[in-house]
2 protein chains.
Amino acid sequence: MDGAEATTPRERYRAQVRAEIKERAWEQIATAGASALSLNAIAKRMGMSGPALYRYFASRDELITELVRDAYRSLADTIRAARTAGADPTGLAHALRGWALADPQRYFLVYGTPVPGYHAPDDITAIASEIMASLLDACAELSADGPATPFDAHLADHRDWAGDHPAPPATLHRALTFWTRLHGVLSLELAGHFTGMGFDPARFYDAELADLLSVPAKS
Amino acid sequence: MDGAEATTPRERYRAQVRAEIKERAWEQIATAGASALSLNAIAKRMGMSGPALYRYFASRDELITELVRDAYRSLADTIRAARTAGADPTGLAHALRGWALADPQRYFLVYGTPVPGYHAPDDITAIASEIMASLLDACAELSADGPATPFDAHLADHRDWAGDHPAPPATLHRALTFWTRLHGVLSLELAGHFTGMGFDPARFYDAELADLLSVPAKS
DNA sequence: CGGGTTCGTTAGAAGTTGTAACTCACCTTC
DNA sequence: GAAGGTGAGTTACAACTTCTAACGAACCCG
């Protein structure tokens, strides 16, 4: 029985309108960026007057926060789906890149320029932790030999972010570099900093990935 | 008669007011981000009425573009200064991190979330090229042995961005990874994605840097 | 069928970017 | 020195934005 929640017609309608608002918001963000998002424009495109939207979202910030939440959820789902499909770190990296290229502005909603005052709600940071956990799981499948670096030692003493994951420091280190290096390539590519440089970003991404998975040879 | 490039009092006054506008703009950006920049607020804080600013900048976008230009120039100057001071890639990396930490929003003005429609003027991309040239110069001092990777081969055929720099493909590759890996760590640190994770971002940065400078062991 | 909840409306406050027209001071030229 | 052009700053205004307040009307439920 899937009637997990007995939704009244009103609740269903409300959910549908909220969904359509978010849909229009995504369209607007994809074409003009998050800073150009206008509640008024969304309302008019939906055939309603501006203030009507405030029945569904208390403020513009709340709508954007909800979009950020959805972006995190979408990324977490993508990563989790890749994992349950048996993906190794390589598959995970390609899933990440596909997700990012599908909607660059969604990627930047997660990893882009932060607003100085803003602090994400706890549930969003929880999703971020889940993503890191999946990444740790994937990296745990790789061999963790190679010499221990000074930073490995530091990580052994500062592994708050790993929760109670039993991975050894070298694996923590690999997960971290996995994250930051792929983000380094991906964010610059999505921001257009590679355009006109001549090389193929996909090949560079794969090269970084290959280096990441090669035998750890840190000195 | 002509050839008098001596600045008139009017030009000096104009330059000074422009400079003060940009100064206030930087203050605002540092505390609330570039999207919250308000010409009106700047004017009021300077004791002028709103439209007066349009004598100095044709639009909000033009002011922001000018700030982006200054940010690029500042970064290029920092890199160049480090180079002329005899800095190796390590020194260059530390100069970069210091510059970024001094004003995170300035870093994001250069490497942050792009506005979909926006294309930087040519003079800005020229500064970006100069930065890459400095980085290439620094990397050229390092030994470029180690096995050639498939991506090295690709770079050998797609080296538009290197101009006529005589560096071998392995050096191009190293400069690229230098850029993207350090940006990966730095941007996530500045965006606050490491807060609460426990480890020290500076150590992680140095670890990535050390790995970058270790003997190339890509297979 | 009445009553409460909720939705959507219009009106309006306070903010923004940007234009137009006017004043006034300064600088140059006669 | 007087006249006039140039440019800075002003106010007024249009068109937008977010968001609040008050009102009407539709809906659901007892």
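The shortest side-chain heavy-atom distance between B/Leu37 and B/Leu63 falls under the 4.5 Å cut-off. For the pair A/Phe199/B/Asp157, no side-chain contact is recorded, criterion being any heavy-atom separation below 4.5 Å from C-beta on. Considering only heavy atoms from C-beta on, A/Ile42 comes within 4.5 Å of A/Gln28 through its side chain. Between B/Asp103 and B/Trp26, some side-chain heavy-atom pair lies under the 4.5 Å cut-off. Between A/Phe57 and A/Lys22, some side-chain heavy-atom pair lies under the 4.5 Å cut-off. Using a 4.5 Å heavy-atom threshold, the side chains of A/Asp200 and B/Phe151 count as separate.
Atom CZ of B/Arg14 and atom C1' of D/dG7 are 9 Å apart (whole Å). Taking atom CD1 of residue B/Ile64 and atom C1' of nucleotide C/dT16, one finds them 13 Å apart after rounding to whole Å. With rounding to whole Å, B/Phe57 atom CZ is found 17 Å from D/dG7 atom P. At whole-Å resolution of the value, CG in A/Leu53 and C1' in C/dC7 are 12 Å apart. When the C1' atom of D/dA8 is taken as reference, atom CD1 of B/Ile21 falls 12 Å away, rounded to whole Å. Taking atom CD on A/Gln28 and atom C1' on D/dT17, their separation rounds to 12 Å, with Å as the unit. Atom CZ in A/Arg45 sits about 11 Å away from atom P in D/dT17, given to the nearest Å. Atom OH of A/Tyr13 and atom C1' of D/dA26 are 11 Å apart (whole Å).
Side-chain contact of B/Tyr111 with A/Thr113: a donor-acceptor pair under 3.5 Å is absent, judged by distance alone. Counting only N and O atoms by type, the side chains of B/Ser129 and B/Trp161 include no donor and acceptor under 3.5 Å apart.
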Using a cutoff of under 3.5 Å, can you pull out all pairs of nitrogen or oxygen atoms linking the protein to nucleotides 17-26 of chain C, with atom names and distances?
{"from": "C/dT17", "atom 1": "OP1", "to": "B/Leu39", "atom 2": "N", "distance (Å)": "2.6"}
{"from": "C/dT17", "atom 1": "OP2", "to": "B/Asn40", "atom 2": "N", "distance (Å)": "3.0"}
{"from": "C/dG18", "atom 1": "OP2", "to": "B/Tyr54", "atom 2": "OH", "distance (Å)": "3.3"}
{"from": "C/dG18", "atom 1": "OP2", "to": "B/Arg60", "atom 2": "N", "distance (Å)": "2.6"}

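If one axis is set at each end of the helix from C/dC1-D/dG30 to C/dC30-D/dG1 from five pairs, those axes are 0° apart, to 10°.
When the side-chain nitrogen and oxygen atoms of A/Ser49 are compared with OP1 and OP2 of C/dT10, one or more of them lie within a distance under 4.0 Å.
Note on B/Tyr56: only backbone sugar-phosphate atoms sit closer than 4.0 angstrom, heavy atoms only; bases stay farther off.
Ring geometry for A/Trp179 versus B/Phe194: interplanar angle over 60°, hence perpendicular rather than tilted (30 to 60°).
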